[in-house]
Amino acid sequence: MTVRVRMAPSPTGFLHIGGVRTFLFNWLYARGHGGECLLRIENTDTSREAADSVGQIEESLRWLGIDWDGEMRFQLDGADRCRAEAARLVAEDKAYEDDGAIRIRMPKEGVVAWDDAIKGRIEFPADQLEDMVILRSDGRPVYNYASPVDDWVDGITHVIRGDDHVSNTPKQIVVLQALGAELPVYAHAPNVFGEDGKKLSKRHGAVSVGEFREAGYIAPALMNFLALLGWAPDGETTIISRDELIERFTLERVGSSPATFDYAKLDWMNGVYLRDLGRDAYADALLTFLLEQGSEWDEARIREAAPIVQEKIGRLGEFADFVGFLFGDVAPDPALLDETVLTEAATRLETVEPWDAATIEVELKALCERLGAKPKTVFLPIRVAVTGSRISPGLYESIELLGRDATLARLRHGASIAG
RNA sequence: GCCCCCAUCGACUAGCGGCCUAGGUCACCACCCUUUCAAGGUGGCUACACGGGUUCGAAUCCCGUUGGGGGCACCA
């Protein structure tokens, strides 16, 4: 039997990172089993539909590198089929009319149970289940009816979804049984929480894929991180490629307890991926990112600056903070400047040849000896005067890139405002 | 209130009865390297929620307690 799964977002807003994590599990499972992965928008409730959220969803998935097979579908497209099946259920007395709506008969005794691929066996006492409305009085199918019908029609073999659907499952199983459909394998992945143990939301930090992208996380790092949230191939692996993920992913190894989203670890991991990029690939990624941000900085200049920040930043969004001094004026804090040092530095750098980091280094170190001062006390004012900050890329490289004229100008201006 | 699920370091997790005086990674602390910040290196800090069983032996199995989460709609 060919594996077929589906990713089923609601078009109620931007793609939530927790939802993406379960989509990733679906996708990894399908790709690892030579199966198909469908994308179905659960738009049964049109009132909650947010403008262009479908476009957002597609865009976010594409960016992450999660693809789907066939055309995107919409739950509403199956409404006619839902109505036809409901009529059949009524005819078979498995459902009945109630105030214009159609309700399905739930079993009155025993249990509704299934073997969850992640959580193991789960049983619900049948007396907990009320006869559920499947068709509203206006004829629109309800989610807990439309979803299993679609799964059946689409030939879904594995329903991999969030924990919050566990209590929907018995209802959907009853629907499927009434329909005479074969049951899919259910797998419920635990939720993703914020640091306080509550469902991950805006107040914890970024939650939509778009926000992570805008902050300068790169897709492979985010995918790696997400996959490890609630799943682990073993006790050691932390950095794992997309291909290896596909190869090693199994539902059995998805944990059953909820996971907390650790932003600090994501930062670290993103840095690992960023540093691992080749020089050109890094510059390309940076450039693409900045362009998306609407940056108008010179492309060649960005490429030049890329290598000196690669070891320094963990998110592409930090680029501007680090090398903004190459693209615009700086406003150094006078209290951190030192007139003597800056004047002397300007004098020495005025005639240095050639203008490169190595030579500048030699010159500045010689300056320290001449002033009989520790490198620390000499380099700080220079760094602040030149870059406007006490934190920057390597000083010599920064000076080289800035160029002689601008460097001298900033050194001298710094000396004049030193306090 | 009723039903379901969950429970190992601050975080993600490894562990599926003896290999555990509980391992890895992030975070944190210290030191080293060092022009700042990072990166890198070395070392350190912390965990089996609690109480009963079962067993020669339990983080691992069973029961209970506590704590957390989810659900009980003509929402998805």
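Not measured: the values here are computed from a predicted model. All heavy atoms count here, side chains included; hydrogens, waters and symmetry mates do not. Residue numbers begin at 1 in each chain, while the letters A, B, ... track the order of the sequences.
- Two residues are said to be in side-chain contact when any heavy atoms from C-beta on lie closer than 4.5 Å; L342(A) and I382(A) meet this criterion.
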Heavy-atom protein contacts under 4.0 Å, nucleotides 33-44 of chain B, coded B base, S sugar-phosphate only, - none: --BBBBS-----
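- Taking the salt bridge (Lys or Arg N to Asp or Glu O under 4.0 Å) definition, one finds that R6(A) meets it with D151(A), sequence neighbours left out.
- Residues V254(A) and A189(A) share a closest heavy-atom pair of CG1-CB, 4.5 Å.
- Using a 4.0 Å cut-off on heavy atoms, the residues of residues 83-98 of chain A that approach RNA chain B are D98(A), listed by number.
- Among residues at least two apart or in separate chains, salt bridge (charged side-chain N to carboxylate O under 4.0 Å, His left out) pairs with a member in residues 313-332 of chain A are D267(A)-R315(A).
- Using a cut-off of 4.0 Å between Lys/Arg side-chain N and Asp/Glu carboxylate O, E344(A) and R348(A) are scored as not salt-bridged.
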Protein proximity profile, nucleotides 3-12 of chain B - base contact B, sugar-phosphate-only contact S, no contact -, cut-off 4.0 Å on heavy atoms: SSSSS---SB
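- In terms of phosphate contacts, R253(A) brings no side-chain nitrogen or oxygen within less than 4.0 Å of OP1 or OP2 of C16(B).
- Taking the C1' atom of each, C32(B) and C16(B) are spaced 42 Å apart, rounded to whole Å.
- Rounded to whole Å, atom C1' of C72(B) lies 16 Å from atom NE2 of H165(A).
- When both distances must be under 3.5 Å, the Watson-Crick or G-U wobble mate of C72(B) is G1(B).
- Atom name C1', nucleotides C19(B) and U34(B): the rounded distance is 43 Å, in whole Å.
- To the nearest whole angstrom, the two P atoms, one in U54(B) and one in C74(B), are 49 Å apart.
- Cation-pi check for R81(A) over W152(A) is met; the charged atom lies under 6.0 angstrom from the ring centroid and within 45 degrees of its normal.
- Searching all strands for a Watson-Crick or G-U wobble partner of U36(B) with both distances below 3.5 Å returns nothing.
- For residues 385-403 of chain A, every residue pair satisfying the side chain to side chain donor-acceptor pair (under 3.5 Å) rule, not counting sequence neighbours, is listed here: R383(A)-S392(A).
- For the side chain to side chain contact (heavy atoms under 4.5 Å, CB included) test, residues two or more places apart in sequence or in another chain that qualify with P307(A) are R279(A).
- Remark: E71(A) does not engage R73(A) in a salt bridge, criterion side-chain N to carboxylate O under 4.0 Å.
- Side-chain contact check for V149(A) versus P141(A): every heavy-atom pair is 4.5 Å or farther apart.
- How far CG of L226(A) is from CD1 of I66(A): 7.5 Å, rounded to the nearest 0.5 Å.
- Between G10(B) and A47(B), the distance separating the two C1' atoms is 10 Å to the nearest Å.
- Following rounding to the nearest Å, I104(A) (CD1) and A73(B) (P) show an atom-to-atom distance of 16 Å.
- Salt bridge status for R136(A) with D99(A): absent, with no side-chain N to carboxylate O gap under 4.0 Å.
- Look at C26(B): its Watson-Crick or wobble partner, with both distances under 3.5 angstrom, is G10(B).
- Between the side chain of D164(A) and the base of A76(B), no donor-acceptor pair of N or O atoms lies under 3.5 Å.
- D127(A) comes within 4.0 angstrom of nothing in the nucleic acid, heavy atoms only.
- Among residues two or more places apart in sequence or in another chain, the side chain to side chain contact (heavy atoms under 4.5 Å, CB included) test is passed with V352(A) by L349(A), T359(A), E363(A), R404(A).
- Spacing between atom CD1 of I240(A) and atom C1' of G24(B) amounts to 14 Å, rounded to whole angstrom units.
- For A58(B), there is no paired nucleotide, since no Watson-Crick or G-U wobble pair has both relevant distances below 3.5 Å.
- A76(B) and U66(B) have their P atoms separated by 36 Å, with the value rounded to a whole Å.
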Letter per nucleotide, 5' to 3', of nucleotides 18-23 of chain B [B base touched, S only sugar-phosphate touched, - untouched; heavy atoms, 4.0 Å]: -----B
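- In this structure, D405(A) has no side chain to side chain contact (heavy atoms under 4.5 Å, CB included) partners at least two apart in sequence or on a different chain.
- Rounded to an integer number of Å, the gap from CG of N224(A) to C1' of C26(B) is 13 Å.
- Counting non-hydrogen atoms under 4.0 angstrom, N144(A) reaches a base of the nucleic acid.
- Counting to the nearest Å, the P atom of G70(B) and the NZ atom of K171(A) are 16 Å from each other.
- Summarising the geometry, the separation between OH on Y145(A) and P on C75(B) is reported as 16 Å, rounded to the nearest angstrom.
- Applying the side chain to side chain contact (heavy atoms under 4.5 Å, CB included) test to P9(A) and every residue at least two apart in sequence or in another chain returns L15(A), F23(A), L39(A), I41(A), I57(A).
- A salt bridge between E350(A) and R412(A) is present, with a side-chain N of the basic residue lying under 4.0 Å from a carboxylate O of the acidic one.
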Criterion side-chain contact (heavy atoms from CB on, under 4.5 Å) on V309(A) and Y282(A), from CA distance to verdict: CA-CA 10 Å; V309(A) 296; Y282(A) 184 80; 3.8 Å; yes
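- Within the 4.0 angstrom heavy-atom criterion, base atoms lie near A101(A).
- Ion pairing of D284(A) with R303(A) is present here, as a side-chain N (NZ or NE/NH1/NH2) and a carboxylate O approach within less than 4.0 Å.
- Note: CG (D267(A)) to C1' (U25(B)) measures 15 Å, nearest angstrom.
- Atom P of nucleotide C74(B) and atom CG of L135(A) are separated by 13 Å, given to the nearest angstrom.
- When the C1' atom is used for both U25(B) and G15(B), the distance is 16 Å, rounded to whole Å.
- Between S137(A) and P233(A), the one whose closest nucleotide on RNA chain B sits nearer the 5' end is P233(A).
- Only F193(A), G197(A), K198(A), listed by number, bring a heavy atom of residues 191-207 of chain A to less than 4.0 angstrom from any atom of RNA chain B.
- E369(A) has no carboxylate O lying under 4.0 Å from a charged side-chain N of K365(A), or vice versa, which leaves the two without a salt bridge.
- For the C1' atoms, the distance from U21(B) to G67(B) is 29 Å, rounded to whole Å.
- Across G24(B) and C62(B), the matching P atoms stand 29 Å from one another, rounded to whole Å.
- Using N1 to N3 plus N6-O4 or O6-N4 for Watson-Crick, or N1-O2 and O6-N3 for G-U wobble, each under 3.5 Å, C50(B) pairs with G64(B).
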